[in-house]
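Counting starts at 1 for both ligands and their atoms, in listed order. The chain is numbered in sequence order, starting from 1.
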Amino acid sequence: MQYLVTGGAGYIGSHISLRLSELGHQVTVLDDLSSGHRWAVAGLELIEVDLRELLPLREALAGRSFDGVFHFAAKSLVGESAERPLYYYQNNVAGTANLIEVALESGWRDCVFSSTAAVYGNPTTPLIAETHALQPINVYGQTKRVMEQLLSDVHQQGQLNAACLRYFNAAGAAADNHRGEWHEPETHLIPNILRRAAGDDVPLTIFGDDYETPDGTCIRDYIHVLDLADAHVGAMELLHRRGGFHTLNLGNGRGYSVMEVLKACEQAVGSGISYAIGARREGDPARLVADASLAADVLGWRPARDLQAIVDSAWSWEQYRRELAAGRV
Ligand SMILES: NC(=O)c1ccc[n+]([C@@H]2O[C@H](COP(=O)([O-])OP(=O)(O)OC[C@H]3O[C@@H](n4cnc5c(N)ncnc54)[C@H](O)[C@@H]3O)[C@@H](O)[C@H]2O)c1
């Protein structure tokens, strides 16, 4: 098959691109490299274009035929989304509208879309199922909700099949440690703990240890990026087979506390990691854990990697990332 991967130079998109290539598919990455990395698409065709620019986008993709589109390209910093809402709507929502316009003009019908658990907002149930109310509490989550709605509305017109995959916290790295998570700024827990463990002078603060959880720290659902990759392949196959519009949670369904993550990192690193306890952050629920049973039913998918596997691979990648950053590899 021939696939277009938007945002394929980014963290998750580059792992899925690699998986697709390993399966023998032809991959074309479309990315403006605003947060992605050129090295992450080595060996793949890269179309460098900004999704917000409809005419250059149309020109870049004119006459191209794809069996499906994996749409990862988006801005995803919650804090930045509060400061720059217009930019987030333009990049995420208008960018998606442009992509879909070109897809329809070109006759590409199947789209697997990166959605997020942020569409749910504060959970009202211990496990969050796809039927949970959609009440995002930040601009980033709102844009993703609107992007889902856009895909659903176009699907209603009979022009597009889509699978919106609502990831919880993606983490971990490729088995050969040559690709992994590298955002600047990095806002995610595991890479930040490991950067500190590797010697970066970044403060490590646990925001609140008085939540109603077994050890008092927040519980989140971490999912290995390689498990995500398998689910994406399954979702695209589902669209090829049955079409339709689907929303599916992708998470481990168990949840780990911040303290458990820290302990797993210490285990991976082989030494203690110092941290401070800070005040709770506004808008941080005690627990955000997926009910991922629908993805299991529909895709026959179950995550195969646990927290220690996630952290071990992320630590191995962190060594390589530092070599890359220093220009030694
Ligand atoms: N990382 C997570 O834990 C997580 C969780 C839930 C959802 N998601 C979603 O998954 C997707 C990928 O996340 P990630 O962590 O790999 O992010 P990332 O920033 O590493 O990758 C996003 C990629 O999209 C590209 N991009 C952004 N705007 C673009 C535009 N206008 N035109 C062309 N390219 C553009 C960037 O250059 C980058 O390569 C995002 O849509 C994100 O919202 C991520």
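- Looking from atom 10 (O) of ligand 1 to the surrounding protein, the closest heavy atom is Y167 CE1, 3.4 Å.
- Under a 4.0 angstrom heavy-atom cut-off, H188 registers as being in contact with ligand 1.
- The D50 neighbourhood of ligand 1 comprises atoms 30 (C), 31 (N), 32 (N), with distances under 4.0 Å to a heavy atom of that residue.
- If you check which protein heavy atom lies closest to atom 19 (O) of ligand 1, you get S35 OG, 2.8 Å.
- Checked by distance only, ligand 1 and Y11 come closer than 3.5 Å through their nitrogen or oxygen atoms.
- The single protein non-hydrogen atom nearest to atom 11 (C) of ligand 1 is F72 O, 3.3 Å, given as residue, atom name and distance.
- H37 does not count as a contact of ligand 1, since none of its heavy atoms falls under 4.0 Å from the ligand.
- Using a 4.0 Å cutoff on heavy atoms, S115 counts as a contact of ligand 1.
- Of all protein heavy atoms, the one closest to atom 21 (O) of ligand 1 is G10 CA, 3.4 Å.
- Close approach to K144 involves these atoms of ligand 1, each under 4.0 Å from a residue heavy atom: 40 (C), 41 (O), 42 (C), 43 (O).
- Between A314 and I190, the shortest heavy-atom distance links the atoms CB-CG2, 4.0 Å.
- Residues Q149 and D153 bring a donor and an acceptor atom of their side chains to less than 3.5 Å of each other.
- With hydrogens left out, the protein atom closest to atom 23 (C) of ligand 1 is G7 CA, 3.6 Å, a heavy atom.
- Considering only non-hydrogen atoms, atom 5 (C) of ligand 1 lies nearest to F168 out of F70, F168, F113.
- Closest protein heavy atom to atom 14 (P) of ligand 1: H183 NE2, 3.9 Å.
- No side-chain donor from either of H183 and S35 sits under 3.5 Å from a side-chain acceptor of the other.
- For atom 26 (N) of ligand 1, the nearest non-hydrogen atom of the protein is D32 OD1, 3.5 Å.
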Evaluate the salt bridge (charged side-chain N to carboxylate O under 4.0 Å, His left out) criterion for residues D200 and R322: first the C-alpha distance (whole Å), next the side-chain angles of each, then the deciding distance (0.1 Å), finally the verdict.
CA-CA 10 Å; D200 280 5; R322 301 177 86 79; 2.6 Å; yes
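- Checked by atom type and distance alone, the side chain of W108 pairs as donor or acceptor with a backbone atom of R64 at under 3.5 Å.
- Among the atoms of S34, some N or O lies under 3.5 angstrom from an N or O of ligand 1.
- Heavy-atom contacts of A73 reach the following atoms of ligand 1: 24 (O), 26 (N), 34 (N), 35 (C) (cutoff under 4.0 Å).
- At a heavy-atom cutoff of 4.0 Å, ligand 1 is contacted by the side chain of Y140 but not by its backbone.
- Counting heavy atoms from C-beta outward, I273 and C265 have side chains that approach closer than 4.5 Å.
- Note: L307 CG to H224 NE2 = 10.5 Å, rounded to the nearest 0.5 Å.
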For side chain to side chain contact (heavy atoms under 4.5 Å, CB included), just list the numbers for H246 and E130, CA-CA rounded to whole Å, side-chain angles, deciding distance to a tenth of an Å, and then say yes or no.
CA-CA 10 Å; H246 311 266; E130 291 81 356; over 6 Å; no
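- In plain terms, the two heavy atoms of P303 and N252 that are nearest each other are CG-CA, 3.9 Å.
- Listed by number with element, the atoms of ligand 1 under 4.0 Å from a non-hydrogen atom of L33 are 37 (O).
- Not a single heavy atom of W182 lies less than 4.0 angstrom from ligand 1.
- When only modelled atom types and interatomic distance are considered, Y120 and N249 share a side-chain donor-acceptor pair under 3.5 Å.
- Linking Ile, Leu, Val, Met, Phe, Trp and Tyr residues whenever their side-chain heavy atoms come within less than 4.5 Å leaves I12 and W182 in two separate clusters.
- With a heavy-atom cut-off of 4.0 Å, A170 touches ligand 1 through backbone and side chain alike.
- Centroid-to-centroid, the aromatic rings of H232 and Y3 stay 6.0 Å apart or farther.
- Checked for salt-bridge contact, E181 and R195 miss the test: no charged N lies under 4.0 Å from a carboxylate O.
- At a threshold of 4.5 Å between non-hydrogen side-chain atoms, the residues K75 and Y140 do not count as touching.
- Of the polar atoms of I12, at least one N or O is found under 3.5 Å from an N or O of ligand 1, judged by distance alone.
- At a heavy-atom cutoff of 4.0 Å, ligand 1 is contacted by no atom of T6, backbone or side chain.
- Numbered from 1 in the order shown, with element, the atoms of ligand 1 that lie under 4.0 Å from a heavy atom of V49 read 32 (N), 33 (C).
- Summary of contacts: the protein heavy atom closest to atom 32 (N) of ligand 1 is L51 N, 3.0 Å.
- Side chains of H240 and D110: a donor-acceptor N/O pair is present below 3.5 angstrom, by distance only.
- Proximity to S76 (heavy-atom distance under 4.0 Å) selects the following atoms of ligand 1: 42 (C), 43 (O).
- The pair R280-D210 meets the salt-bridge criterion, since a charged nitrogen lies less than 4.0 angstrom from a carboxylate oxygen.
- Near S114, meaning under 4.0 Å from one of its heavy atoms, ligand 1 places the atoms 9 (C), 10 (O), 11 (C), 41 (O).
- Of all atoms in ligand 1, listed by their number and element, those nearer than 4.0 Å to a heavy atom of G36 are 36 (C), 37 (O), 38 (C), 39 (O).
- For the residues T187, N91, L77, the heavy atom positioned nearest atom 31 (N) of ligand 1 is part of N91.
- Under the 4.0 angstrom criterion for non-hydrogen atoms, A9 is in contact with ligand 1.
- Here E260 does not pair with K263 in a salt bridge; the nearest charged N to carboxylate O distance is not below 4.0 Å.
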